[in-house]
There are 2 protein chains.
Amino acid sequence: MENLINILEDANIKPTIERLSILNYLDRNHNHPTASMIFDEVETKIPTISKTTVYNSLKLFIENGIVTPLYITGSEIRYDFTTKPHHHFFCENCGKIFDLVVDCPIFSKKHFQGHLIRQQHGYFRGICKDCLEKEAKEHH
Amino acid sequence: MENLINILEDANIKPTIERLSILNYLDRNHNHPTASMIFDEVETKIPTISKTTVYNSLKLFIENGIVTPLYITGSEIRYDFTTKPHHHFFCENCGKIFDLVVDCPIFSKKHFQGHLIRQQHGYFRGICKDCLEKEAKEHH
DNA sequence: TCCATAATTTGAACTCAATACAAATTTATA
DNA sequence: TATAAATTTGTATTGAGTTCAAATTATGGA
Ligand SMILES: [Mn+2]
Ligand SMILES: [Mn+2]
Ligand SMILES: [Zn+2]
Ligand SMILES: [Zn+2]
């Protein structure tokens, strides 16, 4: 928790109870949750918290570079507490988003064909390993 | 246009006037338009068309693999009339989405770490070449 | 401690792309 | 022509995310 306070202060964000609780959730859950999922859990610890505070805090985290928003599902934003760029796999069956370690030669580039790169995103969509195995079992 | 009819029929989609007009727009505009942009132009040719038909048609096109939805901006779906996987660059300043030709070694893979891949997406976000040049001019 | 100010949080109203759905229209088939 | 099937339409609805002013809390000097 002391670590999380430092992370916020280093990003020039005042570490309020609400922001710490939200960041703590993201720190414990690296499964790319939605704002709603974050709210539901944080609400059990801070019953008075509002959804607007969750959105406000996430926006702050994003603007200050300690959280990355993922626009993958098409229906809602998923939040990733990380700084390092990495790939994702989105399962169209169970909705889970997996981290993938891909040796991507573009990750080191800051410019590409004249464009200034601020973020890099690579992701695949399909059926995840777990869902494939379940499917195979059912067909027997 | 005859070509577009064939594309729809090959995808088992009945080539109605509305669907042809929508696909024709996508064929002429490879700038990854929104549903609203498509509707606005098609409406000038088919004044009676409804937005629901635009959404229905795009859904059909996606389900049958002749159009790819892009979840990049976070606010609305952009549509790409293409089959071949390629990279994109999204300009956070002007909102344009550029096609990028990147030699990506993963594009050939159908499986990755046990997951079944159906789609592959790679995109960068930042400031595009045009916006950078405009910015440079203004600062002088 | 008191008070003024700034920062943060809250909740209700609102936005808007996308969806649901039943009625209306068009097309296909006998 | 008559009937059924497919398609289109318009309205209502959804729901994630935003706006914004009021309420609350934190800050800092007198
Ligand atoms: Mn991740
Ligand atoms: Mn494209
Ligand atoms: Zn899955
Ligand atoms: Zn631009």
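Chain identifiers are assigned alphabetically (A, B, ...) following the order of the sequence lines, protein sequences preceding nucleic acid strands; residue numbering begins at 1 within each chain.
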Worked check of side chain to side chain contact (heavy atoms under 4.5 Å, CB included) between A:Thr53 and A:Val42: CA-CA 11 Å; A:Thr53 295; A:Val42 172; over 6 Å; no

Leading and trailing nucleotides of DNA chain C with any atom under 4.0 Å from heavy atoms of chain B: C:dA17 to C:dA28

Counting primed atoms, P, OP1 and OP2 as sugar-phosphate and everything else as base, the B/S/- map of nucleotides 3-18 of chain D against protein heavy atoms under 4.0 Å is ---SSSBBB----SBB

Classify the ring geometry of B:His115 against A:Phe89: parallel below 30°, tilted from 30° to 60°, perpendicular beyond 60°. parallel

Residue pair B:His121 / B:His88, side-chain donor-acceptor N/O under 3.5 Å: no

From CA spacing to verdict: ring-ring contact (aromatic ring centres under 6.0 Å, His included), A:Phe112, B:Phe124: CA-CA 9 Å; A:Phe112 196 86; B:Phe124 315 127; 5.8 Å; yes

Side chain to side chain contact (heavy atoms under 4.5 Å, CB included) assessment of B:Ile66 paired with B:Ile13: CA-CA 10 Å; B:Ile66 62 178; B:Ile13 300 171; 4.3 Å; yes

May I ask you to decide whether B:Arg28 forms a salt bridge with B:Glu41, counting only side-chain N to carboxylate O separations under 4.0 Å? yes

Ring geometry between A:His87 and A:Phe107 (parallel below 30°, tilted from 30 to 60°, perpendicular above 60°): tilted

